Amino acid sequence: IKENIDKFQNILADEKIEKYGFNLKEKIVQLKMKNVELKGNLFDIAIARYVTGHNIFKKDIFSMVEEYRRILKENNQEYLFYKVEMPLTEVLAWMEINGIRVDVEYLKNLSRQLSGEIKILEDKIYKEAGEVFNINSHQQLSKILFEKMKLPPVKKTKTGFSTENSVLEELSKLHPLPKLILQYRELHKLKSTYVDGLLSYVNKETGKIHPTFNQIITATGRLSCSNPNLQNIPIRTEKGSMIRKAFCPSDNNIFYSFDYSQIDLRILAHLSEDEKLMEAFFNDKDIHTETAQIIFPPDSLFSSGYTDKEKRRIAKTINFGIIYGMSPYGLSKELNITPEEAKVFINSYFEKFKGVKKYIEKIIKEAEKNGYVSTILGRRRYIPELKSEDKNQREFGKRVAINMPVQGSAADMIKVAMNNIYEYFRKRKLKSKLVLQIHDELLFDVYPEEEEEIRENVKKLMENAIKLKVPVKVEVKKGPNYLELE
DNA sequence: GCGATCAGCGCG
DNA sequence: CTTCGTGCTGATCGC
């Protein structure tokens, strides 16, 4: 292989020669590790299939490329493919090679600490249950809770009674055991998936974790991340967030995090042109507080009985729910209220945000007519479920039709930003590195001398990636690790 | 011994 | 029946 690379090096490095292939990112990474550059325009068949939704097969790669070029043109997806997805492949290869540093000693310590806490919880659980069993087995746990202790089963699964979080939460009012199980689960998840799990991925040579960023997996255009997944590092609980402290920049460097603020709702405002939503963003209001004030007007009867804080929480849940096509039933579960009350809230929302209501109706009609929905850059998701005999499937199809253009357009935006940032770093010959993308956030390992220039320029490049009808805002934070950012 | 599936749970 | 998109772990089942 080494000899072959030497032989072809001139061709690989020739900017004028286009490169066709399947999963080119892999090849770029392999070559980069041998210090060989792959230059020239790229055409990845796998990405063309992903973008177009067509599965073309022909005897030789040239005819396949030719056919995909035709479809890309026909679908109006040339910009998306040639200017967004293909350049992004190189950016992702760069990120994978960059990797992210973790404090191995810190994680090993955390592992020992968690072992101790888990042991104590196990003993308490066995004592309460009156026997030793495998706490990780739903089957065995189910027997203990619902047969031996005769606690009321709240919810079913395909195969038996559910023992999930919300059920145990409910049961902890009746008995101390469920609460202990919940605590055990939190710690066990942290130790197995994050502490021990992450340690097993630390590369011996670089001392870093090098995950894979998958470009052709999701139905919406988002990236996914695996081996390990670094897009779901805990943050919501105090114990969980301690995992973040293990991620740190390389020597003397500093982490910079750039975060799109409320990007989903800004995109909804852009797509729907809703008057109230747009106005809130133009006035740089806290969107959930503003929504609360709009759906609970101060003089209305039904706004009494809730504190301002509760109103904001309700508004926040509705705001997220809207993007997912949430039903009154779903909202009621989330807010612990009756479906009737939830329905009143949703009606009130749509009465005020008429543009959003109209947009949702329009996008569903469009999806039914075309068989697909699109993002700002023309990314498509075909929704065959809309034609299903099954009502549930059709309802699912409608929710997808609402959600995909929002989630997918946000993905378009951050992808364009990543490309522009990469190009900028190259031009300026910056040494700092992009290490993670977490859907609406970019994390950089930054050299001190590049701090100022990066802070200003990355922020601008992100905010200006795709122009919306409302302002786009990026929040910048910095710190010594992935936990302590401000 | 190994892959597939299920339940559960971490993130945006 | 009822909120979108992911990936990983551990238990279990069937080959």
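Numbers restart at 1 for each chain; the letters A, B, ... are given by sequence-line order, proteins then strands. All figures in this text were calculated on a predicted structure; none of them were measured in a lab.
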*With no hydrogens and no angle check, do the side chains of A:T212 and A:E96 hold a donor and an acceptor under 3.5 Å apart?*
no
*Have a look at A:I217 and say if it touches a base, only the backbone sugar-phosphate, or nothing, with a 4.0 Å heavy-atom cut-off.*
sugar-phosphate
*Indicate whether OP1 or OP2 belonging to B:dG10 is found under 4.0 Å from a side-chain N or O atom of A:Q231.*
no
*With respect to the side chain of A:N136, which nucleotide from B:dC6, C:dG10, C:dG7 is positioned closest?*
C:dG10
*What nucleotide, of C:dC13, C:dG10, B:dG8, holds the atom closest to the side chain of A:S192?*
C:dG10
*For the side chain of A:N232 and the base of B:dG10, is some donor closer than 3.5 Å to an acceptor across the two?*
yes
*When you look at NZ of A:K148, are more than 12 heavy atoms from neighbouring residues, nucleotides or ligands closer to it than 6.0 Å?*
yes
*Determine, using ring centers only, whether A:F247 and A:F255 are less than 6.0 Å apart.*
no
*Which is true for A:D264 with a 4.0 Å heavy-atom rule: it touches a base, it touches only sugar-phosphate, or it touches nothing?*
nothing
_What is the separation between atom NZ on A:K158 and atom P on C:dT12, rounded to the nearest whole Å?_
18 Å
_Can you identify which nucleotide, out of C:dT2, B:dG12, C:dT6, has its nearest atom closest to the A:Y324 side chain?_
B:dG12
*Could you tell me whether A:R381 sits above the aromatic face of A:Y372, with NZ or CZ closer than 6.0 angstrom to the six-membered ring centre and within 45 degrees of the axis?*
no
*Given atom CG of A:D196 and atom P of C:dC8, what is their separation to the nearest angstrom?*
16 Å
_What contact category does A:E186 fall into here, base, sugar-phosphate, or nothing, at under 4.0 angstrom with non-hydrogen atoms?_
nothing
*Can you figure out which of C:dG5, B:dG8, C:dC8 approaches the side chain of A:F396 most closely?*
C:dG5
*What does A:I235 touch in the nucleic acid at a heavy-atom separation under 4.0 angstrom: a base, only the sugar-phosphate, or nothing?*
sugar-phosphate
*asked:* Counting distance alone, no hydrogens or angles: does the base of B:dC9 have a donor or acceptor under 3.5 Å from a partner atom on the side chain of A:K189?
replied: yes
*Side chain of A:N419, backbone of A:L88: donor and acceptor closer than 3.5 Å?*
yes
*Check: B:dG8 base within 3.5 Å donor-acceptor of A:R185 side chain*: no
*Protein-nucleotide distance (A:I216, atom CD1; C:dT6, atom P), rounded to Å*: 13 Å
*Would you say a side-chain N or O of A:S327 is under 4.0 Å from OP1 or OP2 of C:dC1?*
no
_Going by purine N1 to pyrimidine N3 plus the second Watson-Crick contact, or the G-U wobble pair, all under 3.5 Å, which nucleotide sits opposite C:dT3?_
none
*Distance, rounded to the nearest Å, where A:Y184 contributes OH and B:dA7 contributes P*: 20 Å
_In whole Å, I'd like the distance from the CD1 atom of A:I243 to the P atom of C:dG7._
20 Å
_Rounding to an integer number of angstrom, what distance separates B:dA7 and C:dT2 when you compare their P atoms?_
13 Å
*Tell me what A:I402 touches on the nucleic acid: a base, only sugar-phosphate, or nothing, going by heavy atoms under 4.0 Å.*
nothing
_Side-chain N,O (A:T193) to OP1/OP2 (C:dG7) below 4.0 Å_ = no
*Taking only side-chain nitrogens and oxygens of A:T163, does any of them come within less than 4.0 Å of OP1 or OP2 of B:dG8?*
yes
*Taking only the side-chain nitrogens and oxygens of A:N165, find out if one of them lies under 4.0 Å from OP1 or OP2 of B:dG8.*
no
*Side chain of A:S226 only, please: which of C:dG7, C:dC4, C:dT6 is the nearest?*
C:dG7
*Considering just the side-chain nitrogens and oxygens of A:R236, establish if one lies under 4.0 Å of OP1 or OP2 belonging to B:dC11.*
yes
*At under 4.0 Å between heavy atoms, what does A:G330 touch on the DNA or RNA strands: base, sugar-phosphate, or nothing?*
base
*Does A:T291 offer a backbone N or O that forms a donor-acceptor pair with the side chain of A:Y349 under 3.5 Å?*
no
_With a 3.5 Å cut-off and heavy atoms only, can you find an N or O donor on one side and an acceptor on the other between the side chain of A:Q407 and the base of C:dC4?_
yes
*Within this structure, what is the CG-to-P distance between A:N229 and B:dC11, rounded to whole angstrom?*
11 Å
*For A:R222, answer base if it contacts any base atom (sugar-phosphate contacts may also be present), sugar-phosphate if it contacts only those atoms, and nothing otherwise; contact means non-hydrogen atoms under 4.0 Å.*
base
*If you check the A:T159 side chain, which of C:dT2, C:dG10, B:dC6 turns out closest?*
B:dC6
_Please check: side-chain N/O of A:E475 versus main-chain N/O of A:D259, any donor-acceptor pairing under 3.5 Å?_
no
_d(OH, A:Y50; P, C:dG5) in whole Å_ = 12 Å
*asked:* Using the ring centroid of each side chain, check whether A:F161 and A:F146 are separated by less than 6.0 Å.
replied: yes
*Relative to the 5' end of DNA chain C, which residue comes earlier, A:H439 or A:N392, by the nucleotide with the nearest heavy atom?*
A:N392
*Where the side chain of A:D440 is defined as all heavy atoms beyond and including C-beta, which of C:dT3, C:dG10, B:dG12 is the nearest nucleotide?*
B:dG12
*Base, sugar-phosphate alone, or nothing: which one does A:K333 contact when heavy atoms must sit under 4.0 Å apart?*
nothing
*Take atom CD of A:Q140 and atom P of C:dA11, then tell me their distance rounded to the nearest Å.*
9 Å
_Counting only side-chain heavy atoms from C-beta out, which of B:dG12, C:dT3, C:dC4 sits nearest to A:R381?_
C:dC4
*Using the P atom in both, what is the distance from B:dG8 to C:dC1, to the nearest Å?*
16 Å
